[in-house]
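Given the structure is predicted, the values throughout are model-derived calculations rather than measurements. Scope of the values below: all heavy atoms of this structure, side chains included, with no hydrogens, waters or symmetry mates.
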Amino acid sequence: MAIIYVQRESENQKTQLVALTQKDKDGNQLLNGSDAPVIVVDVNHQRLHEGRAFFASHIINNGSTLPNGSSIDFVFAAGPGTTMHLTYGGACGGDAEILLYEGTTSTGGTSYTPLKRNRTSSTISNVAMVLNPTVNTTGTLIYSDLIIGGGKTKTGGGDTTSLEFVLLPLTNYMVRLTNTSGSNQVAVLTLEWYE
């Protein structure tokens, strides 16, 4: 397999021959061909293959439940020069809220190492994260959604997935799932992102 690296002199230089190129994970320009075909997967899929996709998840089940009015909280911040492209989702055995805050301040909690989605990659996340810290201030609410779980005496599972958010580096964020069902419920909160 032969890969040809291309150094572009100018993006607006006129030429008689135009060849399609794209960047690889190291920022090198590759001339497209049979050894470096045009990428036709979506961006999220490509970031997964590049080793830049991560996730965090916390589940309460197997005999444990999330009490009514209690929350699962992930507080996190990306390091300098790192932009998180975040989506998140949750599920609860009954009604719940899922909220995204910017500018959260907190103390303590359980340190959480983000998991890489490409298990063959040696890349590690540049995001620091804690699970269920003591939240001093939630910050500015920038998105909220409901997880509808059922009605009357019956409750059924509900879930939600969010839009993608492009987050600032060096800024604390919190995703919070709160059980609002009136009874204890199983619950899960999952964050997915690429950097």
message: Return the CZ to CZ distance between Phe55 and Arg117, rounded to the nearest 0.5 Å.
response: 8.0 Å

- prompt: Does the pair Arg176/Glu97 count as a salt bridge with the N-to-O cut at 4.0 Å?
  reply: no

message: Using a 6.0 Å cut-off, check whether atom CG of Leu115 has over 12 heavy atoms from anything other than its own residue.
response: yes

task: Evaluate side-chain contact (heavy atoms from CB on, under 4.5 Å) for Leu189 paired with Ile98, printing each intermediate quantity in order.
output: CA-CA 9 Å; Leu189 177 59; Ile98 193 163; 3.6 Å; yes

task: Look at the aromatic rings of Phe76 and Trp193 and report parallel, tilted or perpendicular, splitting at 30° and 60°.
output: parallel

query: What's the verdict on side-chain contact (heavy atoms from CB on, under 4.5 Å) for Leu141 and Leu99, showing C-alpha distance, side-chain angles and the deciding distance?
result: CA-CA 7 Å; Leu141 179 64; Leu99 309 149; 3.8 Å; yes

- request: Taking the side chain as every heavy atom from C-beta outward, state whether Leu170 and Pro80 have any atom pair closer than 4.5 Å.
  value: yes

field: Verify same cluster id: Leu167, Leu131 (apolar side-chain graph, 4.5 Å)
entry: yes

- prompt: Is a donor on one side and an acceptor on the other found under 3.5 Å between the side chain of Thr105 and the backbone of Thr137?
  reply: yes

- prompt: From Ile60 CD1 over to Thr65 OG1, what is the distance, rounded to the nearest 0.5 angstrom?
  reply: 8.0 Å

- prompt: Does the side chain of Thr190 reach to within under 4.5 Å of the side chain of Val188, using non-hydrogen atoms?
  reply: yes

query: Do you see a donor-acceptor pair shorter than 3.5 Å between the side chains of Ser183 and Gln185?
result: yes

task: Carefully, step by step, assess Leu66 and Val186 under the rule side-chain contact (heavy atoms from CB on, under 4.5 Å).
output: CA-CA 6 Å; Leu66 183 65; Val186 295; over 6 Å; no

query: Are the ring centres of Phe74 and Tyr112 closer than 6.0 Å?
result: yes

task: Verify the cluster assignment for Ile59 and Leu177: are they in a single hydrophobic cluster under the rule of side-chain heavy atoms below 4.5 Å apart?
output: no

- prompt: Will you find, in the side chains of Thr123 and Ser121, an N or O donor that is under 3.5 Å from an N or O acceptor?
  reply: yes

field: Residue pair Glu195 / Ser125, side-chain donor-acceptor N/O under 3.5 Å
entry: yes

- request: Supply the atom-to-atom distance Leu146 CG to Thr180 OG1, rounded to the nearest 0.5 angstrom.
  value: 7.5 Å

message: Assigning hydrophobic clusters by single linkage (Ile, Leu, Val, Met, Phe, Trp, Tyr; side-chain heavy-atom cutoff under 4.5 Å), is Leu168 placed with Met174?
response: no

query: Has the side chain of Asp26 got a donor or acceptor atom that lies under 3.5 Å from a matching backbone atom of Asn28?
result: no

Atom pair OG1/CE of Thr171 and Met84 - distance to nearest 0.5 Å: 11.5 Å

field: Leu100-Met129 co-clustered via ILVMFWY side chain contacts under 4.5 Å
entry: yes

query: Rounded to the nearest 0.5 Å, how far does CG of Asn179 lie from SG of Cys92?
result: 4.5 Å

task: Indicate the ring-plane relationship of Tyr88 and Phe165, choosing parallel, tilted or perpendicular according to the 30° and 60° boundaries.
output: parallel

query: How long is the gap from CG on Asn132 to NE2 on His58, to the nearest 0.5 Å?
result: 5.5 Å

task: May I ask whether Leu48 and Leu86 are part of the same hydrophobic cluster, defined by side-chain heavy atoms of I, L, V, M, F, W, Y residues being less than 4.5 angstrom apart, directly or through others?
output: no

- request: Mind listing the closest non-hydrogen atom pair of Pro133 and Thr107 along with its distance?
  value: CB-O, 3.4 Å

- prompt: Are the side chains of Val175 and Tyr173 in touch, meaning some heavy atoms are under 4.5 Å apart?
  reply: no

- prompt: Hey, what's the ring geometry for His85 with Tyr194, parallel, tilted or perpendicular (30° and 60° as the breaks)?
  reply: parallel

message: I need the minimum non-hydrogen distance between Val127 and Pro114, along with the two atoms involved.
response: O-CG, 3.7 Å

message: Pairing donors with acceptors under 3.5 angstrom, does anything connect the side chains of Thr104 and Thr138?
response: no

